[in-house]
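FYI, side chains are in, hydrogens and waters are out, and symmetry mates aren't considered; it's all heavy atoms of this structure. Letters A, B, ... are given to chains in the order of the sequence lines, protein chains preceding strands, and every chain is numbered from 1.
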Number of protein chains: 2
Amino acid sequence: MIYIDVKDSRPIYEQIVEKTRMLILRGVIRKDEKLPSVRNMAVELSINPNTIQRAYGELERLGYIYTVKGKGNFASGKESLLMEYRKELLDKITQTSELAFSIGVTEKELTEAVLAAEGRA
Amino acid sequence: MIYIDVKDSRPIYEQIVEKTRMLILRGVIRKDEKLPSVRNMAVELSINPNTIQRAYGELERLGYIYTVKGKGNFASGKESLLMEYRKELLDKITQTSELAFSIGVTEKELTEAVLAAEGRA
DNA sequence: ACAGGTGTATTAACTGTAATAATACACATA
DNA sequence: TATGTGTATTATTACAGTTAATACACCTGT
């Protein structure tokens, strides 16, 4: 379901949060679907259970999952999450564009950079 | 010339690199213009000289400044730097757009996010 | 030559974060 | 009752960032 990129400088728990987040947002993991248990995922990824727990704690704090003690962690399926993430990405586009404009990049170049992504996705 | 944002989670030396970089790219610091000395800037920002030195070391490695022992650090004014940074920003736009497309954001929304920045810059 | 400003290098120490390891406890379910 | 689940705690290791204190070499104005 998830793999750790050793070349990625970000902490392991953060990588897990980010990848799980995308799996939920893309609908690969559906509402109320169970995620791998802390201990299972720890074995699969060959890392410490505490690190998984930390990632799950973050995901719960962000509202992506909910926990049932004795049973496991499940995707919340909250609808607001997708909208929040869309806004996050659009804000990032605006911020980067602002920086680009400030050093002379044209609107045409920026829209072309957007279109370059459309083909790949 | 530069200030440190204590709320910024990034390391101090990295903030200095990024801000100095922008000052050079925007032409605020001109070719062969002298940057504040290691000790001076350390006093101004109330941080350790070693931290400034690390930032200047990075800037030199990136080609933004050159060092003359006994005299100081100076902006290189290399022309390629601007083009490299433009490419960096455009790549970031493409990457973020790709992610956005993958969760259903439309081309229209993205171009609007670009345009939103044009007014501010 | 000298003083003062410059970059550079080194070593030690402190702090915070990430990650591991080893346990223990509480809850759910077959 | 046994097993799988989340949760909590403590200790330890490793590393990055930062500070501190020095020391050395170079440049320049007096």
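- Between B/Tyr56 and C/dG7 there is no side-chain N or O to OP1 or OP2 distance below 4.0 Å.
- Separating the NZ atom of A/Lys34 from the P atom of C/dT29 is a distance of 13 Å, rounded to the nearest angstrom.
- Note on B/Thr51: a side-chain N or O is less than 4.0 Å away from OP1 or OP2 of D/dT19.
- Atom CG of B/Leu35 and atom P of C/dG5 are 19 Å apart (whole Å).
- Nearest-nucleotide assignment on DNA chain C puts the 5′-proximal partner with B/Glu60, out of B/Glu60 and A/Val68.
- For the pair A/Asn50 CG and D/dA8 P, the interatomic distance rounds to 12 Å; values are reported in whole Å.
- Using a 4.5 Å heavy-atom threshold, the side chains of B/Asn50 and B/Val38 count as separate.
- When the nucleotides D/dT19, C/dA21, D/dG17 are ranked by their closest atom to the side chain of B/Asn48, D/dT19 comes out on top.
- Between the CD1 atom of B/Ile52 and the C1' atom of D/dG17 there is a distance of 14 Å, rounded to whole Å.
- Between B/Arg61 atom CZ and C/dG7 atom P there is a gap of 19 Å when expressed in whole angstrom units.
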Evaluate the side-chain contact (heavy atoms from CB on, under 4.5 Å) criterion for residues A/Glu60 and A/Tyr66: first the C-alpha distance (whole Å), next the side-chain angles of each, then the deciding distance (0.1 Å), finally the verdict. CA-CA 6 Å; A/Glu60 188 179 18; A/Tyr66 63 92; 5.5 Å; no
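- Distance A/Tyr13 OH to C/dT20 P: 13 Å, rounded to the nearest Å.
- The residue A/Asn73 sits close only to the backbone: its heavy atoms come under 4.0 Å of sugar-phosphate atoms, none of a base.
- Between the CD1 atom of B/Ile47 and the P atom of D/dA20 there is a distance of 11 Å, given to the nearest Å.
- A 4.5 Å side-chain heavy-atom check between B/Met22 and A/Leu99 finds at least one atom pair inside the cut-off.
- Each of A/Gly72 and B/Ile12 was matched to the nucleotide of DNA chain D holding its nearest heavy atom; the match closer to the 5' end belongs to A/Gly72.
- A heavy-atom distance below 4.5 Å is found between the side chains of B/Leu35 and B/Tyr56.
- Residues A/Leu81 and A/Tyr85 are not in side-chain contact: their nearest non-hydrogen atoms beyond the backbone lie 4.5 Å or more apart.
- Side chain of A/Pro11, nearest nucleotide from D/dT7, C/dA18, C/dT20: C/dA18.
- Here B/Ser37 reaches the OP1 or OP2 of C/dT6: one of its side-chain N or O atoms lies under 4.0 Å away.
- Within 4.0 Å (heavy atoms only), B/Arg39 reaches at least one base atom of the nucleic acid.
- For B/Asn40, the listed nucleotide lying nearest its side chain is C/dT6; candidates were C/dG7, C/dT20, C/dT6.
- For B/Arg54, whose side chain is taken as the heavy atoms from C-beta onward, the closest listed nucleotide among C/dG7, D/dG17, D/dT9 is D/dG17.
- Both tests hold for A/Lys19 against A/Tyr3: distance to the six-membered ring centre under 6.0 Å, angle to the ring axis within 45°.
- OP1 or OP2 of C/dG7 has not a single side-chain nitrogen or oxygen of B/Lys71 nearer than 4.0 Å.
- In this structure, the CZ atom of B/Phe74 is 12 Å from the P atom of D/dC27, given to the nearest Å.
- Looking at the side chain of B/Lys69, the nearest of the listed nucleotides D/dA8, D/dA20, C/dT8 is C/dT8.
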